[in-house]
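A short write-up of the structure that comes next.
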Number of protein chains: 2
Amino acid sequence: MPIRWGIVTAAKICHDFVNAFNSYPGDKGDAVIAAVAARDKSKATEFAKLHNIPKVFGSYKEMAESKDIDVAYVGSLIPYHYELAKLFLENGKHVLCEKPFCLNSKQVVSLVNLARKKNLFLMEAIWSRFAPSYIALEKEIQAGKLGELQFVEVNFGVPVSEIARLSKKELGGSAILDLGVYALQFAQYIFKDEPLKCTAIGKLNSDGVDEVDNVILEYSGDRRAVLNIHAKAQLWNKATVYGTAGRATVEDPFHFPDTLIHVDGKVEKFPLHTSNIHYNFDNSAGLVYEALEVVRCIKQGLIESPRMPHKDSITIAKLEDSVRQQVGVVYTVDSQEFP
Amino acid sequence: MPIRWGIVTAAKICHDFVNAFNSYPGDKGDAVIAAVAARDKSKATEFAKLHNIPKVFGSYKEMAESKDIDVAYVGSLIPYHYELAKLFLENGKHVLCEKPFCLNSKQVVSLVNLARKKNLFLMEAIWSRFAPSYIALEKEIQAGKLGELQFVEVNFGVPVSEIARLSKKELGGSAILDLGVYALQFAQYIFKDEPLKCTAIGKLNSDGVDEVDNVILEYSGDRRAVLNIHAKAQLWNKATVYGTAGRATVEDPFHFPDTLIHVDGKVEKFPLHTSNIHYNFDNSAGLVYEALEVVRCIKQGLIESPRMPHKDSITIAKLEDSVRQQVGVVYTVDSQEFP
């Protein structure tokens, strides 16, 4: 019996996820896209037709309560992540939830507790960590080729500050959530440790949402990271790891790079598979790798991925909380408690 | 009558300065290297022989009091900059003083006041500002090609933390002084304004000297700069200016780059002249451009360069003070007053 994916919303990212999955020429570990749900059923129907998906739901609850899927891919707007992931977990479905996981760490902890109680797989969709280039970088670090790690530098800047999703507080708008999550997770991926201190200098828009964040993370052993997040300028979006023996860089776009500059200066390419259907976002074909990881974990009976474990999502969410608190971005849910 | 340079110390940077000047094939504006002084006269003699300099002094005071020079190039260790620059100014000589100008802003203000009182030319040797690539970048900015400036990003990291000059407090050791001055001046060069706020996170060595500094500068109009200074790792030493219409990058080594990436992506090269004599530091041939500026200014009766004015040196020194204060680097001279 294959692992059956249920796609939650017909959003652009869901389109890319399904496209990446369906067009992947490699072994998909006996998994299929089984259903799609959207509040507007006609959108779900259109989505299903384009991607050849057998089942359509006009309600998330219906899909969650159905026997038609095993794992939900939640690709909604951020403010709905918590409720939707909860809905599917409560109905016994595994969940892969788009990043940033939730609006704050209290919501993330609540979801993690629920998944553990229910013995269900749960993962934040940090697809970067499953990029072949990231895995190659990690191998280079583990082989000691960079020496002792000292400094991580990440830029993520795209002029998206006028897009509602980024600029409206009620939509969970926030540069540190939308873009910053990639930079924060990169630092965590490299240092594998919680920072001792996080210093953030931000800039808010008129709706009280951060458009720019410069973040300095201090780790034990004098390691540190500097993250520059910008929703108004197109930065050079690279991530570099500097060690005592040299440096390695994942090239722009670092959040799913197809190019790694090794410590010896060698440039290695990691080409992605193609599709006849158009992608909405850069290098989206790479979304397949996180899907394959989810399938692999579920088949092995794991409730979290060793490569993107619950504790990393909690740490990242706490850092997002810390940055928002320092720069002054407050959501309604921040004053609420979650079970 | 030519403008006659007196070289103060036979240090490596003085060697490069004279080499750059003497080998320059262009118009040197009727100026000559007339003398060199070092406390160890044999070193000055050897230096003079290599560079074909007519006059040698075994004492700075003797050279300052002589009628043999018009302008002193002070290339000593940082802790001697203040006293040496003062000595030459008091004796009626113009002064070009190596960067960082002094140990703190009180010393810089004192020198500036003295130069103004004496009506003598005084400049901090920020040679970067006279690089043809910097001038091309400035033209691009002034033509509006980058749109409204938003963000400046500079890295300067070189593994020099074991060198005494960098690591000993009594020698004025400090990453923010030795390397950081270049990054601070770049931000000032671009934004032409004093920052409203400076936030610095540093790391000290066992002698209480900063080896790492991450600095966030906030300017009016939501402009900001992030400077990463590292004395233990070889960073990608580039400087990038991001505006609403695009970005431009001066390539590694940004402190005197021979390559500029224009906003349209075009890569422009600015080749330096060569010399038969070996240089100690990267791109040192470029030192000639600041020398030519000094000669030009003196001939025009200016006491400061419009391209590297006194107020910029004072602002940079105050930022260095601020960073040192935040990260905890204290010099003996910080508690002293200067006339």
Side-chain angles (χ1 to χ4, degrees), chain A residues 146-155 157-159 161-162 195-205 210-219 221-249 252 261 263 326-327, chain B residues 146-155 157-159 161-162 195-205 210-219 221-249 252 261 263 326-327:
Chain A
L146 277 84
E148 271 179 60
L149 302 186
Q150 296 183 296
F151 183 46
V152 160
E153 185 194 12
V154 188
N155 275 3
V158 208
S161 65
E162 299 306 318
L196 304 173
K197 200 176 168 199
C198 166
T199 305
I201 307 279
K203 188 224 156 253
L204 306 188
N205 73 6
D210 53 314
E211 295 183 321
V212 179
D213 302 285
N214 302 109
V215 182
I216 302 172
L217 302 176
E218 295 168 85
Y219 294 82
D222 292 326
R223 297 168 300 163
R224 55 180 64 193
V226 170
L227 320 174
N228 299 310
I229 312 302
H230 214 298
K232 293 175 83 77
Q234 183 71 40
L235 304 189
W236 291 109
N237 295 325
K238 305 176 183 210
T240 300
V241 185
Y242 297 96
T244 47
R247 64 196 175 195
T249 296
D252 194 336
I261 306 177
V263 64
Q326 290 180 63
V327 307
Chain B
L146 277 83
E148 271 179 61
L149 302 186
Q150 297 183 295
F151 183 46
V152 160
E153 185 195 12
V154 189
N155 276 1
V158 207
S161 66
E162 299 306 317
L196 304 173
K197 199 175 168 203
C198 166
T199 304
I201 307 278
K203 188 225 156 250
L204 307 187
N205 73 6
D210 55 312
E211 294 183 322
V212 179
D213 301 286
N214 302 109
V215 182
I216 302 171
L217 301 177
E218 293 169 85
Y219 294 81
D222 293 326
R223 297 168 301 164
R224 54 182 62 193
V226 170
L227 320 174
N228 299 310
I229 312 302
H230 214 297
K232 293 175 81 78
Q234 183 73 38
L235 304 190
W236 290 109
N237 294 324
K238 304 176 184 211
T240 300
V241 185
Y242 298 95
T244 47
R247 63 195 176 196
T249 297
D252 193 337
I261 306 177
V263 65
Q326 289 180 62
V327 306

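Below, chains carry the letters A, B, ... as their sequence lines are ordered, and counting in each starts from 1.
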Inset, instruction - Determine yes or no for a side-chain-to-main-chain donor-acceptor pair under 3.5 angstrom, with B:Asn237 supplying the side chain and B:Gly157 the backbone. - result: yes
Inset, instruction - Could you check which of B:Asn155, B:Asn214, B:Thr244 has the highest count of heavy-atom pairs closer than 4.5 Å to chain A? - result: B:Asn214
Legend entry - Heavy-atom pair of closest approach, residues B:Ala245 and B:Gly147: CB-N, 3.5 Å
Legend entry - Between B:Glu211, B:Lys197, B:Arg247, B:Glu153, the one whose heavy-atom pairs under 4.5 Å with chain A are most numerous: B:Arg247
Legend entry - Contact listing (chain A partner; residues 228-235 of chain B; heavy atom under 4.5 Å): B:Asn228, B:His230, B:Lys232, B:Ala233, B:Gln234, B:Leu235
Legend entry - CA sep, side-chain torsions, deciding dist, call: A:Val226, A:Phe151, side chain to side chain contact (heavy atoms under 4.5 Å, CB included): CA-CA 8 Å; A:Val226 170; A:Phe151 183 46; 3.7 Å; yes
Inset, instruction - Check B:Ala225 against B:Tyr219 and note the closest heavy-atom contact, atom names and distance. - result: CB-CE1, 4.3 Å
Legend entry - Contacting region of A:Ile216 [heavy-atom separation from chain B under 4.5 Å]: side chain
Legend entry - Heavy-atom pair with the smallest gap, counting every atom of A:Ile201 and B:Arg224: O-NH1, 2.7 Å
Inset, instruction - Start with the C-alpha gap between A:Leu204 and A:Val327, add the side-chain angles, then the distance that decides, and say whether side chain to side chain contact (heavy atoms under 4.5 Å, CB included) holds. - result: CA-CA 8 Å; A:Leu204 306 188; A:Val327 307; 4.1 Å; yes
Inset, instruction - Please name the pair of heavy atoms, one in B:Val215 and one in B:Cys198, separated by the smallest distance, quoted to 0.1 Å. - result: CG1-SG, 4.0 Å
